[in-house]
Amino acid sequence: MTLLIVMPGREGDSRRLAAELRAIDGNITVEIWPEVGDPGQVEMIVAWSQPDGLWASFPNLRLVASFGAGVENLVGDSDLPASVAVVRTVDNSLAKGMAEYVVTAIAGWRRSWIRYRNDQAHCSWRPQTYPFSCTVLLLGVGRMGMGVADALSAVDHRVIGWGRTGRAVGDIEGISGHEALLDVVSQVDVTVCLLPLTPDTEDILDSTLFSRMKRGSLLINVGRGRHLVEDDLITALGQGRPKHAVLDVFREEPLPLNHPFWTHPAITITPHVAALTDPRGAAERIAENWRRLYAGAPLLDQVDREQGY
Ligand code: NDP
Ligand code: OXD
C-alpha cells in the first residue's frame, strides 16, 4: 500500500512532506510522483495542482488529501471517482498564518504604512490620525475565518461573520443570505473574503457588492481569484468603494506580467502566500488520516463533495 505525493512545482515541499511522513510512521510507503513503483498499490494521494487525467492510473485509490485548505480542484474534478473520499489538510499553523496576514493587512492600511514609507523617502514628518474603531466583515467563518476573528477581536475590532448557515460563534455576530450581505457591507470598514470556491461563491466580489460598500473601505481577498470579478474591482476602486484592495489570490497565477493590477495604485498584491501549509504539521494530519483509513475510523477534515467544501 502506497501513499503518493503529487504536487508538481512544489518539489521542496514534496520531499519534506515525504521525510516527515516516513519519520512519523516507518511503515508507510511514500512515493513522490512521477516516480511510481506499482500504481495498483496506491491507495492514498496527497495532491496540489495535480495534472489532468491523474486518477485513471490508480485503480485502487481510496482517499485524496489536499495539501492545504482549498479543495476546489478536487471536488470540481469530474474524473475523480465518486467512491474516493476527499479530505483537507488544515493544521493550526495555517489558521494562525492567515490571521497574521489579515491583521497585518488591516493594520498597514489603517495606520498608513505605505504613506509613511513614501514620506521617509523624502525625510518628511507627517503624522496621520487613524480611526479608533474598526468593523470587519468576514465572508466565511470556517477554520480560517475563526482564526482571523480571534486575532481581530484581540485588537478590539468588531467582527461580523457571513456564512452559509449564519451561526454566531463566540463574539462574532453571524449573518447569512445575499440580502443581509448587501445590507451589512455598507456598514463595515473592511471586507475579507475567506470563502471556499464553489459554484455559489464564484464571482461574489462583483459590482453589486462593491456598489453597496462603504466609501473609503478596504477589501481583502485571500479566498480564491475566481471570487473576484476583476474588471468590476477596477471600476469600483475608481469610485472609492472600496478605496483599496489587498489581493493574495488571482484568476491566473502567477499574475500575468501585463495585468493591470500590477501597477494599480489602489491595489496591494501578494503572491498567494497568505497562509502556507507547513509540511511538518501537515504530515501529522495526513499520517493520522492514513491510519484512520485502514482502521475504518471517521477521517479528519473530510469534505462534503456535494456541498463543495
Ligand atoms: P471552511 O470550510 O472551514 O469554511 C468555509 C466557510 O465558508 C464556512 O463559514 C461556510 O459557511 C462558508 N461558506 C461556504 N459556502 C458559502 C456560501 N455559499 N455562502 C456563504 N458562506 C459560505 O474553509 P477554511 O476556512 O478552512 O478555508 C476557506 C478558504 O480559504 C479555502 O477554501 C481557500 O480557498 C482559502 N485559503 C487561502 C489561503 C491563502 O493562502 N490565500 C490559505 C488557506 C485557505 P458555514 O459555516 O455556514 O458552512
Ligand atoms: C490553501 C491555500 O487553500 O494555500 O491552503 O490556498
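Counting starts at 1 for both ligands and their atoms, in listed order. In this text the structure is predicted, and so the values were computed from the model without any measurement.
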Checklist line | Quiz item: cation-pi between R62 and Y294, 6.0 Å / 45° | finding: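 Yes - R62 lies over the ring of Y294, closer than 6.0 Å to its centre and within 45° of its axis.
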
Margin query: Would R241 pass as a cation-pi partner of F210, given that its NZ or CZ must be under 6.0 Å from the six-membered ring centre and within 45 degrees of the axis?
Written below: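 Judged by the rule, R241 and F210 form no cation-pi pair.
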
Margin query: Between W48 and V6, is the side-chain contact (heavy atoms from CB on, under 4.5 Å) condition met? List the steps.
Written below: CA-CA 7 Å; W48 192 261; V6 184; over 6 Å; no

Less than 3.5 Å between some nitrogen or oxygen of [X] and one of ligand 1, yes or no?
{"X": "Y309", "result": "yes"}
{"X": "R143", "result": "yes"}
{"X": "V71", "result": "no"}
{"X": "R224", "result": "yes"}

Out of curiosity, [X] [atom1] to [Y] [atom2], how far, rounded to the nearest 0.5 Å?
{"X": "C193", "Y": "L138", "atom1": "SG", "atom2": "CG", "value": "10.5 Å"}
{"X": "L61", "Y": "E43", "atom1": "CG", "atom2": "CD", "value": "8.5 Å"}
{"X": "D248", "Y": "Y101", "atom1": "CG", "atom2": "OH", "value": "4.0 Å"}

Item checked: Pairwise side-chain contact, R110 with P131, heavy-atom cut-off 4.5 Å (strictly under) ->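 Contact flag for R110/P131 side chains = yes.
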
Next item on the list: Decide yes or no for M98 and R143: does some side-chain heavy atom of the first lie under 4.5 Å from some side-chain heavy atom of the second?
Entry: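 They are not in contact (no side-chain heavy atoms under 4.5 Å apart), so the answer is no.
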
With heavy-atom distances below 4.0 Å as the criterion, list the atoms of ligand 1 near [X].
{"X": "V249", "answer": "41 (N)"}
{"X": "G142", "answer": "1 (P), 3 (O), 4 (O), 6 (C), 8 (C), 9 (O), 25 (O)"}
{"X": "D248", "answer": "39 (C), 40 (O), 41 (N)"}
{"X": "H272", "answer": "39 (C), 40 (O), 41 (N)"}
{"X": "D200", "answer": "18 (N)"}
{"X": "A274", "answer": "39 (C), 40 (O), 41 (N)"}
{"X": "W162", "answer": "19 (N), 20 (C)"}

Among protein heavy atoms, which sits nearest to [atom], and what does the distance come to when rounded to 0.1 Å?
{"atom": "atom 23 (O) of ligand 1", "value": "R88 NH1, 3.4 Å"}
{"atom": "atom 38 (C) of ligand 1", "value": "M98 CE, 3.4 Å"}
{"atom": "atom 25 (O) of ligand 1", "value": "M144 N, 2.8 Å"}
{"atom": "atom 28 (C) of ligand 1", "value": "L194 O, 3.2 Å"}
{"atom": "atom 12 (C) of ligand 1", "value": "L195 CD2, 3.9 Å"}
{"atom": "atom 5 (C) of ligand 1", "value": "P196 CD, 3.6 Å"}
{"atom": "atom 9 (O) of ligand 1", "value": "V141 N, 2.9 Å"}
{"atom": "atom 17 (C) of ligand 1", "value": "T201 CG2, 3.8 Å"}

Indicate yes or no: does [X] engage [Y] in a salt bridge with an N to O separation below 4.0 Å.
{"X": "K96", "Y": "D278", "value": "no"}
{"X": "R291", "Y": "E288", "value": "yes"}
{"X": "E284", "Y": "R280", "value": "no"}
{"X": "R158", "Y": "D189", "value": "no"}

Check: What pairs with E31 under side-chain hydrogen bond (donor to acceptor under 3.5 Å, both in side chains), at least two apart in sequence or on another chain?
Finding: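 By the side-chain hydrogen bond (donor to acceptor under 3.5 Å, both in side chains) rule, E31 matches no residue at all.
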
Check: How would you list, by chain and number, every residue that makes a side-chain hydrogen bond (donor to acceptor under 3.5 Å, both in side chains) with R164, sequence neighbours excluded?
Finding: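 side-chain hydrogen bond (donor to acceptor under 3.5 Å, both in side chains) list for R164, sorted by chain: Q307, Y309.
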
Item checked: Hydrophobic cluster membership, I220 vs M213, 4.5 Å side-chain cutoff ->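 No, it is not one cluster - the side chains of I220 and M213 are not joined through contacts under 4.5 Å.
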
Checklist line | Close residues, ligand 2: non-hydrogen atom nearer than 4.0 Å | finding: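 Close residues (ligand 2, cut-off 4.0 Å): W48, G68, A69, G70, R224, H272, A275.
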
Item checked: Shortest reach to atom 43 (C) of ligand 1 by a heavy atom, considering only G177, G223, A69 ->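 Result: the heavy atom closest to atom 43 (C) of ligand 1 is in A69.
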
Next item on the list: Please state whether V222 comes within less than 4.0 angstrom of ligand 1, counting heavy atoms only.
Entry: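 Right, V222 reaches ligand 1.
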
For residues 84-93, please give each side-chain donor-acceptor pair under 3.5 Å, one per line with the distance, not counting sequence neighbours.
unit_1 : atom_1 : unit_2 : atom_2 : d
R88    : NH1    : A69    : O      : 3.2
T89    : OG1    : S66    : O      : 2.6
D91    : OD1    : S93    : OG     : 3.0
D91    : OD1    : L94    : N      : 3.4
D91    : OD2    : S93    : OG     : 3.0

